[in-house]
Every structure is written in structure tokens, then in C-alpha cells.
J.: 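Quick one: the structure is below, questions incoming.
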Number of protein chains: 2
Amino acid sequence: MADLSIDVVAKAAGVHRSTVSRAFSRPEAVKSETREHILRVAEGLGYTMSPLAQALRRKTSTFVPLIVPDITNPFFAELAKTMTQAADERGYQLLLCVTNGDPAKTDGYFTAMQAMYAPFGIVAPSTKVDTEALKRFDFGHRVVVIDRVEGDTSVPTVTVDSRRGIILALEHLRSLGHTSIGYVSGISGTHTAQDRMDAYLELSAEGGNSPVVLDSGSDPDTGARAAQHFLEMNNPPTAIIAANDMVAFAVISALGKSGIRVPEDVSVIGFDGLALGARFNPALTTVRQPIADMGSIAIELAEKQNLTGSVDHVVLEPELLVRASTCGPRK
Amino acid sequence: MADLSIDVVAKAAGVHRSTVSRAFSRPEAVKSETREHILRVAEGLGYTMSPLAQALRRKTSTFVPLIVPDITNPFFAELAKTMTQAADERGYQLLLCVTNGDPAKTDGYFTAMQAMYAPFGIVAPSTKVDTEALKRFDFGHRVVVIDRVEGDTSVPTVTVDSRRGIILALEHLRSLGHTSIGYVSGISGTHTAQDRMDAYLELSAEGGNSPVVLDSGSDPDTGARAAQHFLEMNNPPTAIIAANDMVAFAVISALGKSGIRVPEDVSVIGFDGLALGARFNPALTTVRQPIADMGSIAIELAEKQNLTGSVDHVVLEPELLVRASTCGPRK
DNA sequence: TCGATTGCTGAGATCGGTTGCAATAACAGT
DNA sequence: ACTGTTATTGCAACCGATCTCAGCAATCGA
């Protein structure tokens, strides 16, 4: 089991190491008998190539970093899960990098990944992406962002149509009979959050009911504050749209603490479509983002940019996922 | 910004590359003026050493794999989060490896990590650890397991005292006045799950009330089945202990679907202490595992084993976290 | 039959560092 | 001033692959 290098295999197979190398990485360049013999010998020895040495020499590796702010957030966790899959289907190995929102860490990961000869990376930010900062790094030119990027179309992105999602939520709620629909914002600073909020503001007004933003904070207490606000209103809305599932959870939890029941007393709809939502109490009605698709498309875009230099922007369609947290307003 | 190798820095500083190397990795071996000069030059150029090249030559790296079955499970996510932190405080870089419960993938990660010259690794399994399989790999000898390992004390472990946790839960519930306390198992096959269940069975009987295992499945539907079972009983328990928080969520959700309210109709207590529990509806009372401690201790044990060969087994104490999902039984 | 292709394989430099060993400089002690 | 240490630095081999360039044999056309 000890130190298996390419030379060992070469000796065992009676060929030169360059032939072994070719047998693995450029099979058509080796006579098939030779190749098969080498592969057999290698197999027998339990030999695998050193990704380190390969990366060093080739100046390119198969490590693909996925940079997320917080793996504890189920959205990013699901993204990570589906992307790992998508990545190794394409022969890459996903490296999960967690920044905790610290830009310094992000920079650190960038240089590290550069040093690891990662061919490209995926960034799923919690705040607006500073594309200028991105481009200070060579590596920043080989990145795709999961979210929109302000005023700069030179970096590939994949996003979900936020406006469409809000439309789905509003339509659902209205079809249930709601006319007074409140909103709780998610982490501000993100484009998606901003888009959702803007869409709500605009579409809500269009629909004839005046927008009620219960809270627009970005911290973990948003849900609690929104609930507080709700309780203090004379005429609280009969339904609430939460900018994302986690906020929806928090709102429902805080509301429940004060005896307000969902959906009996107020309907709540989330945005994300987390698997976790199915186990919530009540199971959360939500606008589902196609997280798996986002992941695989992000990788495709990255690959494509890397090969052809093309910079694409893909916008995906969300869909309504009706579970148990919404119903008609009480009379 | 282009190709910065050690030779570039050496030339710029007017020294040999070995001196530059030493200036970074063995500072005391270089005259301090020289070293400072080199460091200054390197800094100016924006140079960092290639971890790849270092690992290749040294035959040891700072990559530490954390192998988990499912990052979507908040327990593992929290573990990953705290461990990333703990790891880079000690100069390691945590590499998250997700197996989705596939043993083949686990094997794959092992050989990959071996090839990356990882000094050691951490395994947080969902099922029993096959130590024999572990030891087929060189790398398997440099691993610490977060969970107990059956009959084999040759691999370091860090665990939480399951029995103690169950005691805390039972005590809490009993002090609230409950005498009929049911149980819902988590993923079977894990030691922790088995331990918790055994502890429940034994201690429940000791306490005078007969054990009621609502479900002992291992799939995502455990919660629903448990709820079903609960509903069909003539004399359902007034409180339920769930083997872990996720199951508790599912049980409460399923119960809620049938109009059973927590804690008014039945108290539920979880096991894990996930941050997410605070946002559940109702906020989940639970037995908290010191996840952060588990993570940093795991790394310490790994380091220690690596240095001294010592194989330690650390057992941590859980603590009760009272939130809103438990109260006295209704009269 | 002979030079020109074509197909395979071997040599050896190289990727970016590390490290044992040799060489030189600096410093003590007498 | 001279020798014995000790502190620094340079040299060059090496880690495990890749890849360009040559060499050699087999094949092909005339």
C-alpha cells in the first residue's frame, strides 16, 4: 500500500513513466494492448494518480469551489448538496468554502483556489457582489454568480425570476380571497431580496391593496420584529409573504408564541422551497426555486465561460408549492 | 499578477530559492534581516506559496476532510460550520465531503484524501462505522469518528452521553408532571440512535411508566408514522421524546396536520439543540449537544493521534434547553 | 527495394516547492 | 593571529506527474 508513484507502475509494467501517464490521460495515444496491460497492472497495484502532482504540472485542476456565506442556512446547504452531485457528474470535485459573510475570507478563498489551479468557481453571495473586488483576482474572471450582479454583465449569473415568484405568491393568495397582504423582507443587500421586495411593492399596489412591509431587516430577529409589528396593527393583513423560507419559519414561530395561528389566523407563504418546509408546523406553502437546476446550470455556465469565454445570464422560473400554511382568510 | 513562483521572489530579493522557502516555513533558520527583506519583497509582489507544491514535496498537507452523509441535515451543517472555524484556527483547511450515505463515495473520499496527503480526517457517520473497512485504507488509521464505534476502541471518538441526555429529557418531562412518555426513534443503525433508544427503554421502565415506542424507523416518514400511531392509540402518551430535532420537527408537523397541538395537547422534546429549533413553531425544547465542542475536540484528538499515536475517547455532556414545546400535561 | 509517413514509446526538462549537505561567513577562545 | 564552532546561505536532488521532442519500427506508395 505504500508510496505508489507513476514510476513504480511503470517499472512493474515494463514501460516508461510517460507511457503510463498517457495510458491514463490520453488513451488514444497508446497502443491498446500496452494501455490495457498498464491499466491492469495499475489496477492490481491499486494505483491512482496524484491529483496534486497533476494539478501542479498541468496548471489546472478539477477542484471547483462553491463559495457560500453560511452552510447552516438550508438554502445554501441544499445548493451545496445538488452541486456536489452536479460537479462530480462532470468530473469535478466541489470544494465548499464558507465565508460567514467575511469579505476577507472570501479573498482568502480566492487566492487559495487560484493557487490550487481551480478552473473556475461558483459564488452564492449573501450580499451584493462587488464585481470590482472580484476582478482584482485573476480567479475573479472565472466565476459565476448565483444572483444578479449590479450594472455589470461581464460575469455570468444564474438567477430565479423573483418578480415571477412574487406574482405566483400574490396570485395564490388572492385566489384564496386575500386582499390585504403583508410582506417581510429577507436579508437586505442581496439582489434577490431587493428584487422580491420591489416586485411586491409594485405588484401589490397594482393589485389594488396597499403594501404593508412588516419588516425589512436583515438580521435573525427580522421574524420576531415582523410578528411584533403585526400584533400592534389595528388592521393586520390576512396573509403574509416572506422573502424566504427561513424568515417565514421565524415569523410563524414568533406569531405562534403570541397565539396567532397559521393558517387559521393568517396565511404565510415563503420563498425558496426548502425540503425542510415540508416538516414545518404547518407545512410551508412556498415559491419553489429550482435549486438543483441552479446548481447544474451554474457549473455549465462556468465551464462554458472557461472554454469559449462566453458570458451568459440564465433566469429560471420559480413554481408554486402549495402546502399547509395558507388558506382563505377568516370571515 | 502572473505566475509568481518562489524563484521569482528569490530573484527579486537577491537570494536563492531555498532561502525564500526557509524564510516562510522555518523562520528561525534565516537571519532576521534577510527574512524580513524577503517577506517584504514577497508581500510587495503579492506572493503566496503553492499549497500544492508544498504538499507534494512534504508529503503532508493541511487539508482536513470532514466526511458527512448529508449536509442538508442541519446537525451536520452546524458541525461543518463550527469545524471550519476550529480547523482554520489551527491552520488547517476543512474540506467538506458529502457521501449521501454511499459507502463507495466514502471510499472514494478516503483515497482522494490520502492522495492529497491529508494528515488526518474526521468522520461523522449516519450509520455504524465499519472499522474494518476503515482500516483497509492507510488513511483509515488517521481518522477520528464523531460517534461511538462498536467493539473497537482503536479509533479515537468523540460522543455525547446519550444516556445522560435521555435522563435530562425524562427528568424535565417528569418534573412537569408527565408520567406517560412516548419515544420516536431517529435513524437506526447509528450508535447514538441505538444508545438513546436503549436508554429510553431502560430508564422509562425504571421510572415506573411503560415505554411506548411510537416509531423506530429510519426514513423521512418516521415522523408521520409516529403521529399516525399516536392518533390511533386509546391512551396516547402526554409527552414525546424524539431521538433528534429533525424527527421532532416532523412529528410536530404531522401531529399539527391532524389538529394535535404542541405543547397544549402533547409535549415534545427533541435531541440535538439545533439553532433552527428556536425558529420552529413552537420553539423546540431539546437536549443540546455541544456541537462546537465536538468539532474542536475532534480536531484536537486527530492532531494528537497523529503526533503521539494516542487513541482517546471523549464523552461530552449534553444539556437541557427549555423552549416552548413542552409544558405540563393537560388535566 | 527505398525514402517518406505514421504510430508508439522513451528521454528529459519542468511545475513550485523542500531539505540534506557542503561552503562560506562570523564569532569565540586562547 | 589561529583554530574550532556556529550561524547562514547556496546547491542540487527530489516529490509525482505532464509534455515536447526524438528515435525507431512498421507501413505505404512508386
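We use all heavy atoms of the structure for the numbers below, so side chains are in, but hydrogens, waters and symmetry mates are not. Fair warning: this is a prediction, and the values are worked out from it, not measured in the lab. Below, chains carry the letters A, B, ... as their sequence lines are ordered, and counting in each starts from 1.
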J.: Looking across every strand, which nucleic acid part, if any, lies under 4.0 Å from Phe24(B) by heavy atom: base, sugar-phosphate, or nothing?
T.: nothing
J.: Could you check whether Thr60(B) gets within reach of a base, just the sugar-phosphate, or nothing at all, counting any heavy atom under 4.0 Å?
T.: nothing
J.: For Glu33(A), does the CD atom sit with more than 12 other heavy atoms under 6.0 Å from it, leaving out its own atoms?
T.: no
J.: If you pin Val30(B) and Ser21(A) to their nearest nucleotides in DNA chain D, which one's is more 5'?
T.: Val30(B)
J.: Between dT19(C), dT9(D), dT18(D), which nucleotide has the shortest distance from any of its atoms to the side chain of Arg58(B)?
T.: dT19(C)
J.: dG17(C), dG16(D), dG10(D): which one has an atom nearest the side-chain heavy atoms of Tyr117(B)?
T.: dG16(D)
J.: Please pick, from dA11(C), dG16(D), dA13(D), the nucleotide with the shortest atom-to-atom distance to any side-chain atom of Ser18(A).
T.: dA11(C)
J.: What's Val20(B) touching, base or sugar-phosphate or nothing? Going by heavy atoms closer than 4.0 Å.
T.: nothing
J.: Do Arg22(B) and dG10(D) share a donor-acceptor pair, side chain to base, under 3.5 Å?
T.: yes
J.: Verify whether one side chain among Thr157(A) and Thr159(A) offers a donor that lies under 3.5 Å from an acceptor in the other.
T.: no
J.: Salt bridge check, Asp147(A) against Lys128(A): does any charged N sit closer than 4.0 Å to a carboxylate O?
T.: no
J.: Using only side-chain N and O atoms of Ser25(B), determine if any of them is under 4.0 Å from OP1 or OP2 of dT18(C).
T.: yes
